[in-house]
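Note that the coordinates shown come from a computational prediction; the quantities given were computed from them, not determined experimentally.
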Amino acid sequence: LARLNFIYAVQINTSIFFLPSFSLGYTNTSTRLPRFIFEDQINQIKEFISPETINPLAQQIGVKNYLDLGASFLLHSDTFFAGFSFFHLNQPNQSFTGEGEEKLPLELSIQGGVELNLNPYKNGLLPDSFYLFLYNSGRFSKDNTFIHMTQEVLLSSLSLSLNQRFSFANTFNFNSLGFGIGIAVE
């Protein structure tokens, strides 16, 4: 897999930037044909597996090459970011035989985050460095959905975070919840 990315930065005002990006990828995949066993190789009577096959499919599979296109767009400043990305815009055919259509499904990814200063006026009751960080991302395709969320509070040198992950892949669902504590020592 090789990928070229082109990113261009557009300054909207003194603190907000827009970054469009385009990508071109080249994929080369192959199978290990000697590891495949076709039905005509199995002799049940002699309990023997022949190393040779006459299956016409064996001559068709092997190497697959294709180009893959993507695009993404990001808007950011010192305190927030929001963006989305598209993967497999050209929906390349990844079929090894070339007879059927096995297209990579179009995927969409959405990201967003914000940094909030919870003590901008340096109130003496709160730490001078008191921030809330929120981050969310999601990746969506035909049959799969992956969502990740993080919330983090920074109190001077103490960091407390909460992470949630949800995935829905066909019929399989996986949910996780994580907690994090960190201390910065200088």
Side-chain angles (χ1 to χ4, degrees), residues 1-29 64-94 102-122 126-170 172-184 186:
L1 174 67
R3 184 167 302 279
L4 293 172
N5 292 301
F6 173 76
I7 302 170
Y8 186 75
V10 178
Q11 188 168 2
I12 294 175
N13 63 29
T14 57
S15 63
I16 298 177
F17 292 86
F18 174 66
L19 285 85
S21 168
F22 301 97
S23 67
L24 172 66
Y26 174 77
T27 300
N28 176 304
T29 58
K64 180 65 179 179
N65 304 310
Y66 56 86
L67 293 176
D68 195 4
L69 302 176
S72 62
F73 306 93
L74 180 70
L75 191 66
H76 81 88
S77 74
D78 290 340
T79 59
F80 79 92
F81 73 94
F84 57 94
S85 304
F86 295 100
F87 302 94
H88 318 304
L89 285 173
N90 57 332
Q91 294 184 309
N93 183 9
Q94 60 179 351
E102 185 65 37
K103 291 186 175 186
L104 278 172
L106 183 66
E107 290 186 19
L108 170 66
S109 176
I110 301 172
Q111 309 86 26
V114 66
E115 173 185 326
L116 302 171
N117 186 350
L118 299 178
N119 190 13
Y121 304 111
K122 307 297 183 211
L126 300 171
D128 286 347
S129 179
F130 188 27
Y131 290 91
L132 174 64
F133 301 102
L134 304 172
Y135 170 74
N136 297 304
S137 69
R139 189 160 179 153
F140 312 94
S141 69
K142 180 180 168 185
D143 296 322
N144 304 316
T145 300
F146 302 98
I147 299 171
H148 176 85
M149 299 180 292
T150 299
Q151 302 81 35
E152 182 178 3
V153 174
L154 183 65
L155 300 147
S156 293
S157 60
L158 177 65
S159 169
L160 304 171
S161 65
L162 178 64
N163 302 291
Q164 306 90 39
R165 290 186 184 172
F166 308 96
S167 29
F168 312 97
N170 294 326
F172 174 76
N173 297 333
F174 177 76
N175 302 320
S176 69
L177 181 65
F179 298 97
I181 298 175
I183 298 175
E186 295 181 21

> Any idea which heavy atoms bring Ser15 and Ser77 closest together, and the distance?
Replying inline: O-CB, 3.0 Å
> Can you tell me how far the CG atom of Leu116 sits from the OG1 atom of Thr79, to the nearest 0.5 Å?
Replying inline: 8.0 Å
>> Looking at every heavy atom in both Ile7 and Ser21, which two are closest together, and how far apart are they?
In response: CG1-OG, 3.6 Å
> If you take all heavy atoms of Gln111 and Phe84, which pair is closest and at what distance?
Replying inline: OE1-N, 3.8 Å
> Looking at Arg3 and Ser23, what are the two nearest heavy atoms and their distance?
Replying inline: NH1-OG, 3.4 Å
>> Nearest 0.5 angstrom please: Leu106 CG to Asn90 CG, how far?
In response: 10.0 Å
> So how far is it from Phe87 CZ to Ser141 OG, rounded to the nearest 0.5 Å?
Replying inline: 11.0 Å
> Can Leu162 and Phe179 be said to form a side chain to side chain contact (heavy atoms under 4.5 Å, CB included), step by step?
Replying inline: CA-CA 5 Å; Leu162 178 64; Phe179 298 97; 3.3 Å; yes
>> Angle between ring planes, Phe73 versus Phe22, binned at 30° and 60°: parallel, tilted or perpendicular?
In response: perpendicular
> If you take all heavy atoms of Pro105 and Lys142, which pair is closest and at what distance?
Replying inline: CB-CB, 4.0 Å
> Leu104 and Gln91: side chain to side chain contact (heavy atoms under 4.5 Å, CB included), yes or no, with the steps?
Replying inline: CA-CA 5 Å; Leu104 278 172; Gln91 294 184 309; 5.7 Å; no
> Closest heavy-atom contact between Asp78 and Glu115?
Replying inline: O-OE1, 3.9 Å
>> Let's go through Phe130 and Val153 carefully: what are the C-alpha distance in whole Å and the side-chain angles of both, what is the deciding distance for side chain to side chain contact (heavy atoms under 4.5 Å, CB included) to 0.1 Å, and is it a yes or a no?
In response: CA-CA 7 Å; Phe130 188 27; Val153 174; 3.7 Å; yes
> Of all residues at least two apart in sequence or in a different chain, which pass the salt bridge (charged side-chain N to carboxylate O under 4.0 Å, His left out) check with Glu107?
Replying inline: Arg139
> Do other residues, nucleotides or ligands put more than 12 heavy atoms under 6.0 Å from Ile181 CD1?
Replying inline: no
>> As an exercise, state the distance from OH of Tyr26 to CG of Leu4, rounded to the nearest 0.5 Å.
In response: 13.0 Å
> Parallel, tilted or perpendicular: which fits the ring planes of Phe166 and Phe168, with parallel below 30° and perpendicular above 60°?
Replying inline: parallel
>> Under the rule for side chain to side chain donor-acceptor pair (under 3.5 Å), what residues qualify as partners of Asn119, not counting sequence neighbours?
In response: none
> Should the heavy atoms of other residues, nucleotides or ligands under 6.0 Å from CD1 of Ile12 be counted, would the total exceed 12?
Replying inline: yes
> Does any donor atom in the side chain of Asn93 or Tyr66 lie under 3.5 Å from an acceptor atom in the other side chain?
Replying inline: no
>> Nearest 0.5 Å, please: how far is NZ in Lys122 from CG in Asn117?
In response: 5.5 Å
> When rounded to the nearest 0.5 angstrom, what distance separates OH in Tyr135 from CG in Asn163?
Replying inline: 11.0 Å
>> When you compare the side chain of Val10 with that of Leu19, does any pair of heavy atoms fall below 4.5 Å?
In response: no
